[in-house]
Amino acid sequence: MCGIVGYIGSKNASAVLVEGLSKLEYRGYDSAGIALLEKGVIHTERSVGKLVNLRNMLIDNKFTATTGIGHTRWATHGKPSFENAHPHRSEGLTVVHNGIIENYLELKSMLIEKGYKFESETDTEVVAHLIKSNFSGYLRKAVRKSIEQIIGSYALAVISEEEPDRIIIARKDSPLVIGIGEDEMFAASDIPAVLSHTRNFIFLEEGDIAILKKGSYEIFDIDGTPIEREIKQIDWNPVMAEKAGYDHFMQKEIYEQPRAIIDTIRGRYSLEESTVFFDGFEKVESSAKAFNRIVIVACGTSWHAGLIAKFYLEKIAKIPVEVDIASEFRYRDLVIDDKTLFLALTQSGETADTLSALRIAKKMGSTVMSICNVVGSSIARESDSVIYTHAGPEIGVASTKAFTTQVVSLLLFSIYLGQKRGVLGHDESFRYLQAIVELPEVIEKVLEQDKNILEIAKNYKDVSNFLYLGRNVNYPVALEGALKLKEISYIHAEGYPAGEMKHGPIALIDKNLPVFVLCPKSSVYEKVASNVEEVKARDGIVIAVVTEGDEGLKGKCDHIIEIPATIEELSVFPTVVVTQIFSYHCAHLLGLDVDQPRNLAKSVTVE
Ligand code: F6R
């Protein structure tokens with residue numbers, strides 16, 4: 001998830017672009033760059049690290065260009081570095097890109113054969129050379145021809161020395177808007193980038209290509225036909241705009257989950273062949289049958305994802321799994337060796353305990369892999385293989401989209417390993433993959449319950465204690481729901497396996513204790529339903545999450561939240577999203593700092 005900006009008009013383009021990028025830093029911030037068309041020649045300036053480094057570099061430059069494109073990067077292909085920073089060039093033209101080009105390796109070999117030289121590891125440089133190779137005097141046509149060859153997602157902005165009076169932009173599956181000014185045009189990944197210049201926006205649709213000139217624009221649809229798109233007036237204030245109209249980053253990130261999951265699975269499966277593939281997994285693949293155990297290590301929310309993965313891996317890949325908290329793992333007498341696959345789960349890739357655990361496992365001869373959101377982070381760098389979740393930057397301290405993208409990655413990995421170990425057949429693989437493909441829609445439907453969940457939260461925001469119950473795959477969701485509630489609303493909450501209630505926590509139940517029960521249709525539905533009866537028999541308050549159409553618990557609970565049906569393994573997605581929304585509303589109603597709860601840090605880089 002990177003940020004792009006384009007400008008053509010009469011103002012100083014360098015200043016407009018850097019100001020625009022500063023409003024998009026939340027989309028990515030490991031490097032930044034701009035390309036300016038100065039007297040018909042393209043000049044590029046790039047810098048590693050936060051935007052301030054680029055800004056400082058530009059202080060002494062006297063660019064007067066009034067056309068340019070800019071980019072702030074969140075690495076997906078290739079670590080954060082000067083060479084990988086955008087813009088990327090091919091002779092006489094320059095490109096910025098947000099998205100993922102799935103067939104970039106194939107295109108790269110084709111371009112190398114044609115004599116193109118590559119300076120970076122990015123998929124974007126492939127786009128630059130591809131457009132150049134398709135150029136025969138008309139930039140828009142070259143862009144169109146190129147995107148016909150591309151598989152994947154993109155928002156692109158392209159400038160060329162041959163046609164210096166225009167910027168060509170295009171989008172598919174990555175956001176891109178046109179900002180219409182007076183005698184000036186803007187392009188941006190997101191509205192805040194240019195909101196200080198204009199309030200008039202066009203949201204490009206899938207497959208659109210547009211030509212931006214100083215005082216005009218033209219849009220062409222996916223078939224190349226000129227098309228009018230509606231101009232919308234945006235009246236958000238700048239703070240709202242950064243959060244895309246949401247009140248908090250956490251809320252925005254909860255709502256981003258359907259999109260984030262699409263980005264995680266993109267290019268990693270084939271439904272027709274019922275297979276899963278990951279780049280750079282040679283070491284894991286070659287030992288797939290030799291591993292006798294997987295040890296998953298993580299902290300906090302990532303540890304909860306690991307607990308769910310134990311169900312997946314044991315069922316699908318038929319391999320024993322242990323899940324450990326990193327700070328415990330690192331100080332134990334470990335029994336691991338070269339037959340152990342060590343798997344670190346981490347959003348940031350910098351959590352000190354997880355990193356240290358990985359180093360210990362590596363030293364003891366295990367193959368080490370990680371599932372991580374930050375490309376080039378310490379844990380990713382030190383792993384033999386990495387699955388990047390591609391969730392985009394998570395700004396809210398409480399983890400939401402990082403969790404769901406980790407869990408979907410873990411399910412894909414379980415299918416992959418099951419197939420490599422020869423224990424998972426075609427039909428079962430298809431059943432899982434089909435359900436994964438439908439998952440974004442399932443989550444969209446849960447998001448539609450927001451108002452209902454808000455009304456329930458209003459009744460309980462002032463209580464002091466909460467109990468969360470779940471069983472089987474939904475037991476870790478009970479832990480995660482409780483963690484989310486306590487970390488942002490400061491309400492004490494405990495998660496328990498529902499069957500364990502009789503062994504202690506049942507003593508807590510009285511008319512003042514709300515109990516959140518995760519009870520979707522599943523192999524353990526009857527068991528959990530009888531736990532609901534036990535709570536009600538002791539006057540406890542029950543908020544139950546059930547599958548749409550389930551009449552079994554109606555009339556027995558104080559509140560029912562319905563979620564769409566999916567396969568049992570995937571029921572954790574709708575249930576966890578309900579708990580995220582519930583915690584969010586409790587904290588917001590209490591007037592607390594949702595995005596930066598007290599005493600917490602986004603990345604725990606100390607022990
Ligand atoms: C809770 C939360 C934390 C993190 C934990 C691990 O909402 O965000 O519990 O999950 O600190 O962080 P990563 O995944 O970056 O290793």
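Counting convention: from 1, in listed order, for ligands and their atoms alike.
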Inspect the contact between Glu448 and Lys445 and indicate whether a charged nitrogen and a carboxylate oxygen are less than 4.0 angstrom apart. no
Decide, yes or no, whether a salt bridge links Glu121 with Lys79 under the criterion of side-chain N to carboxylate O below 4.0 Å. yes
What pairs of donor and acceptor atoms, side-chain ones from residues 412-419 against any protein atom, are under 3.5 angstrom apart with sequence neighbours left out?
from   : atom 1 : to     : atom 2 : distance (Å)
Ser414 : OG     : Leu410 : O      : 2.7
Gln419 : NE2    : Ser274 : O      : 2.6
Gln419 : NE2    : Ser429 : OG     : 2.9

For residues 461-475, run the donor-acceptor check on the side chains, cut-off 3.5 Å, and write out each pair with its distance to 0.1 Å, sequence neighbours left out.
from   : atom 1 : to     : atom 2 : distance (Å)
Asn465 : OD1    : His492 : ND1    : 2.8
Asn474 : OD1    : Thr575 : OG1    : 2.7
Asn474 : ND2    : Ser571 : OG     : 3.1

Salt bridge Glu253-Lys401, side-chain N to carboxylate O under 4.0 Å: no
With hydrogens left out, which residues have an atom under 4.0 Å from ligand 1, given that only heavy atoms count? Cys299, Gly300, Thr301, Ser302, Thr346, Gln347, Ser348, Thr351, Val397, Ala398, Ser399, Lys484, Glu487
Using residues 581-588 as the side-chain source, report each donor-acceptor pair under 3.5 Å to any protein atom, sequence neighbours left out, with the distance given to one decimal.
from   : atom 1 : to     : atom 2 : distance (Å)
Ser583 : OG     : Leu485 : N      : 3.4
Ser583 : OG     : Thr579 : O      : 2.8
Tyr584 : OH     : His248 : ND1    : 2.8
Tyr584 : OH     : Gln251 : OE1    : 3.3
His585 : NE2    : Asp450 : OD1    : 2.6

